[in-house]
Amino acid sequence: MAGSKPWLYPAPTYKTLESYWDTDDDAPGPRCGHTLTAIAPTKTHGPRLILFGGATAIEGGASSSAPGIRLAGVTNSVHSYDVLTRKWTRLRPAGEPPSVRAAHAAAAVGTMVVFQGGIGPAGHSTDDLYVLDLTNDKYKWHRVVVQGQGPGPRYGHVIDLVAQRYLVTVSGNDGKRVLSDAWALDTAQKPYAWQRLNPEGDRPSARMYATASARSDGMFLLCGGRDSSGAPLADAYGLLMHRNGQWEWTLAPGVSPSPRYQHAAVFVGARLHVTGGALRGGRAIEGEAAVAVLDTAAGVWLDRNGLVTSPRTNKGHTEYDPSLELMRRCRHAAASVGVRIYIYGGLKGDMLLDDFLIAENSAFQSDINSPILTSDRAATITSPKLNQSNANLYGTTPTPDGRLEVPSSGAASMDKSSMEKLAEASAAEAEAVSAVWQAMQAASAVPSDETSVSDDNSQAAETTSDGSDTEADVRLHPRAVVVAKEAVGNLGGMVRQLSLDQFENESRRMVPMNNDLSYPTRKFTRQKSPQGLHKKIISTLLRPRNWKAPANRRFFLDSYEVGELCYAAEQIFMHEPTVLQLKAPIKVFGDLHGQFGDLMRLFDEYGFPSTAGDITYIDYLFLGDYVDRGQHSLETITLLLALKIEYPENVHLIRGNHEAADINALFGFRLECIERMGESDGIWAWTRFNQLFNFLPLAALIEKKIICMHGGIGRSISSVEQIEKLERPITMDAGSIILMDLLWSDPTENDSIEGLRPNARGPGLVTFGPDRVTDFCKKNKLQLIIRAHECVMDGFERFAQGQLITLFSATNYCGTANNAGAILVVGRGLVVVPKLIHPLPPPLQSPETSPERTVDDTWMQELNIQRPPTPTRGRPQPDLDRNSLAYI
């Protein structure tokens with residue numbers, strides 16, 4: 001024991017706690033990589049623990065031939081544990097929940113919980129803040145709008161609320177490297193913004209899978225973690241804020257019993273209770289070192305035997321202790337209520353745990369001066385770590401400039417009101433699509449054999465999660481995902497995979513080349529539209545499963561609203577580069593041509609851009625030709641612009657040849673605006689849309705290995721720099737031959753036709769051969785060109801031995817082609833997966849019972865009789881005049 005210092009009580013013993021639930025769905029079940037957060041009592045509930053997210057299954061292990069394990073079954077379920085009744089309940093809050101994730105971070109703020117970051121099946125979650133409001137019985141999710149640059153997507157990081165005011169997040173892994181930065185968000189200061197901290201003092205090294213817990217008097221303690229080489233760390237650092245606003249790191253004294261990562265830690269008073277964890281290679285900490293306490297008032301580490309003076313080892317330790325064996329785990333989660341510490345789940349070897357443990361801090365400590373569950377105490381309201389401590393950091397006295405002082409009165413109201421404002425900031429998030437949340441699970445960004453979160457117990461998985469996949473070669477996945485042709489009505493969602501060899505003209509492979517992936521990223525602040533106009537558009541139109549065309553074809557926006565929408569979007573486009581620099585995972589869409597129903601079907605089958613969909617972990621890129629030919633150009637372009645405003649860094653639009661006034665005056669968009677908005681409003685809206693089109697970016701690079709454009713490289717484009725030098729706004733007549741090639745050129749008919757040939761679309765236009773594609777990719781260190789512009793029967797078609805893919809997303813183009821529509825999903829490992837939808841069969845109803853379908857079809861047929869569609873690529877071409885409008 002501690003001997004001469006009887007007030008240094010040893011670490012506690014943990015035992016299993018029996019808990020209850022009504023149904024199996026209420027029980028959290030086995031999981032790891034989750035969070036457990038204690039929230040204050042409310043009028044109707046005592047203290048509760050909120051469990052969120054994590055992985056609920058593992059793949060590999062002893063039964064697998066592959067080394068290591070992988071986490072799977074990642075979830076976004078919420079479970080609440082009532083401390084008084086010892087009962088678990090599954091919660092289903094209203095609003096749009098965060099995406100499924102594990103290795104995220106969570107912090108309690110009164111009766112709310114803030115979540116940030118993590119990793120899901122398709123990669124990193126965004127750095128958006130999600131607030132779960134449990135203040136009353138109407139539980140609700142809010143996504144908080146934060147301005148400016150933030151910590152960025154990351155996992156294995158830590159977050160907590162410091163001094164009842166500042167959300168502080170530290171460390172983690174952004175997919176490329178292990179991080180050491182620190183950020184703070186002032187919850188009492190609107191608009192909310194992350195501030196990158198530059199603390200004084202002894203800064204902690206870069207690390208991930210550390211723990212952090214905030215002491216009730218404002219000290220944030222970072223403990224352990226794993227460095228960039230994979231080595232576990234034993235140190236601990238306190239972060240405090242001076243009165244002058246300067247933050248400072250201080251190295252904690254004392255000898256830690258063991259280095260560790262993927263452990264759990266939580267404060268009770270001034271004592272940080274540390275449990276479990278892993279050593280290098282994922283080996284679990286065993287013996288006495290598995291349970292430890294850092295007493296920050298005394299500046300010492302303790303284990304169950306008392307004061308620790310040297311690191312504990314297991315050598316010579318032969319006694320079997322069931323309570324220590326119970327703590328041989330990692331990736332578990334801990335929280336404290338009063339003097340009690342609660343632990344749930346975790347990973348032991350290749351086994352997921354679902355047990356619930358409890359321990360009690362020493363009841364004789366001077367800073368524990370009240371029983372638990374006294375909900376009328378201010379301490380209970382202000383912080384989930386209920387017990388106030390007057391001890392200063394490591395027993396020192398305050399410096400003359402002092403640390404941040406938390407007033408004994410008023411702290412609770414400041415905390416509560418500031419976070420209520422924080423939650424209100426996103427209360428208007430669109431809820432129209434929350435009913436189709438399950439669609440997200442079908443929208444994986446990479447094929448099924450690559451979708452699980454990598455577990456760091458295997459060295460191979462380790463290097464991938466730390467960013468080595470940035471050197472991956474682009475490759476087309478050998479199977480395409482297809483919605484069955486009969487999948488309509490109640491049969492929707494019948495998805496199957498087909499070998500690419502089953503597609504016509506599909507038997508070639510990619511030609512990989514090397515390239516580096518370093519490039520700067522640009523951050524955009526969301527442009528505000530009046531009275532949430534873009535949110536109104538999203539809630540009206542983003543209905544993947546139940547959108548219906550308006551019966552009278554009247555458009556729901558007036559010309560003033562169109563003007564405001566275009567202005568807000570234009571402000572974003574004018575600050576984007578001409579060639580966008582994008583990252584995987586990303587979904588790429590080809591021509592839509594006003595076929596809004598097909599866009600909704602693609603969203604429904606393969607995920608949609610919303611926080612209730614998959615926008616938190618995959619971007620969207622549209623390759624132009626949003627308008628003309630189809631029946632609903634207005635819905636298509638307005639929804640895409642609204643999504644751009646809502647998710648400026650995740651939704652990307654580039655220009656097609658139909659985003660030009662001289663073209664869309666002829667092929668339907670101008671006529672649609674007039675017919676559906678009235679002549680004066682319609683002409684004004686059409687003119688304003690075309691002014692906006694002149695600002696659209698012209699191409700996009702994905703991970704600097706895949707270039708995307710609408711048309712092609714033609715005769716004039718030999719380098720990406722030529723495209724980057726085009727200045728916007730730019731009109732077609734003012735554009736150079738480079739713009740003409742970029743938006744209008746096509747590949748030759750097949751790989752055997754090389755060089756440059758005249759293009760049947762019209763005089764001055766060209767087709768380019770596979771030799772041009774190979775030369776362009778080689779010179780620019782690219783591996784793939786993705787372009788749109790031509791209808792292809794399977795929705796996608798390869799050219800130049802797979803170095804170019806043509807993509808077309810509208811089905812049964814112009815009502816006559818009977819083609820499939822497709823998107824390409826580029827995963828984090830740069831695996832490209834085609835996903836297809838087939839044309840819908842004719843309506844089952846008679847025309848009398850489906851008047852809007854008849855009106856739409858008649859309108860489109862009349863338009864396209866006057867202006868025949870461009871012939872489908874690779875199909876016999878009708879004997880039309882080569883200068884006719886059919887080739888536009």
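Numbering starts at 1 and runs along the sequence shown.
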Stepwise side-chain contact (heavy atoms from CB on, under 4.5 Å) check, Val474 with Ile702: CA-CA 10 Å; Val474 177; Ile702 300 172; over 6 Å; no
Trp744 side chain reached by Met732 side chain, heavy atoms, under 4.5 Å: yes
Heavy-atom side-chain proximity of Glu646 to Leu542 below 4.5 angstrom: no
Distance in Å, Tyr647 OH paired with Ile572 CD1, rounded so as to fall on 0.5 Å steps: 13.0 Å
Check: Asn664/His658 side-chain N/O donor and acceptor closer than 3.5 Å: no
Donor-acceptor pair between Asn650 and Asp619 side chains, under 3.5 angstrom: yes
Atom pair OG1/CZ of Thr731 and Arg728 - distance to nearest 0.5 Å: 14.0 Å
Any donor-acceptor pair under 3.5 Å from Asp741 side chain to Ser716 backbone: yes
Smallest separation among heavy atoms of Val627 and Ser633, with atom names: CA-OG, 3.3 Å
Residues Asn819, Val792; criterion side-chain contact (heavy atoms from CB on, under 4.5 Å); working and verdict: CA-CA 7 Å; Asn819 63 287; Val792 286; over 6 Å; no
Check: Phe796 main-chain N/O paired with Thr806 side-chain donor or acceptor under 3.5 Å: no
Qualifying residue for ring-ring contact (aromatic ring centres under 6.0 Å, His included) with His632, from Trp547, Phe555, Tyr626, Phe556: Trp547
Intermediate values then yes/no, salt bridge (charged side-chain N to carboxylate O under 4.0 Å, His left out), Arg601 and Asp598: CA-CA 5 Å; Arg601 288 178 62 209; Asp598 284 336; 3.5 Å; yes
Euclidean distance, Leu565 CG relative to Thr638 OG1, rounded to 0.5 Å: 7.0 Å
Closest approach of Pro770 to Ile753 (non-hydrogen atoms, all atoms of both residues): CD-O, 3.2 Å
Smallest separation among heavy atoms of Pro834 and Val832, with atom names: CD-O, 3.7 Å
Within-4.5 Å side-chain heavy-atom neighbours: Arg787 and Leu623: no
Under 3.5 Å: donor-acceptor pair, side chain of Asp628, backbone of Gly594: no
Donor-acceptor contact below 3.5 Å, side chain Thr578 vs main chain Leu726: yes
Distance (rounded to the nearest 0.5 Å) between Phe669 CZ and Ile674 CD1: 11.0 Å
Test item: Glu659 side-chain N/O and Gly624 main-chain N/O as donor-acceptor pair under 3.5 Å: no
Aromatic plane relationship, Tyr620 with Phe589 - under 30° parallel, 30 to 60° tilted, over 60° perpendicular: parallel
Any donor-acceptor pair under 3.5 Å from Arg553 side chain to Arg676 backbone: no
Atom pair CG/OG1 of Leu840 and Thr811 - distance to nearest 0.5 Å: 6.0 Å
Distance-minimising heavy-atom pair for Thr767 and Pro758: OG1-O, 4.0 Å
Ala661: side-chain contact (heavy atoms from CB on, under 4.5 Å) partners, not counting sequence neighbours: Trp686, Asn690
For the student: nearest non-hydrogen atoms of Glu790 and Arg761, plus distance: CG-NH2, 3.4 Å
Steps toward side-chain contact (heavy atoms from CB on, under 4.5 Å) verdict (Leu634, Phe596): CA-CA 9 Å; Leu634 281 169; Phe596 190 73; over 6 Å; no
Side chain proximity check, Lys725 to Ser719, heavy atoms < 4.5 angstrom: no
Flag if over 12 foreign heavy atoms under 6.0 Å of CD, Glu727: no
Test item: Tyr606 and Asp614 side chains (from C-beta on) under 4.5 Å apart, heavy atoms: no
Criterion side-chain contact (heavy atoms from CB on, under 4.5 Å) on Asp591 and Tyr813, from CA distance to verdict: CA-CA 10 Å; Asp591 291 24; Tyr813 180 46; 5.9 Å; no
Under 3.5 Å donor-acceptor, Asn780 side chain and Val720 backbone: yes
Within-4.5 Å side-chain heavy-atom neighbours: Phe622 and Leu643: no
Note, Leu533 side chain near Ile645 side chain (heavy atom, < 4.5 Å): no
Under 3.5 Å donor-acceptor, Glu797 side chain and Met793 backbone: no
Reported SG-to-CD distance for the pair Cys566 and Glu561, which is rounded to 0.5 angstrom: 12.0 Å
Pairwise side-chain contact, His710 with Arg655, heavy-atom cut-off 4.5 Å (strictly under): no
Test item: Lys644 side-chain N/O and Val651 main-chain N/O as donor-acceptor pair under 3.5 Å: yes
Arg688 side chain to Ser559 backbone, donor-acceptor under 3.5 Å: no
Heavy-atom pair of closest approach, residues Ala665 and Arg670: CA-CB, 3.9 Å
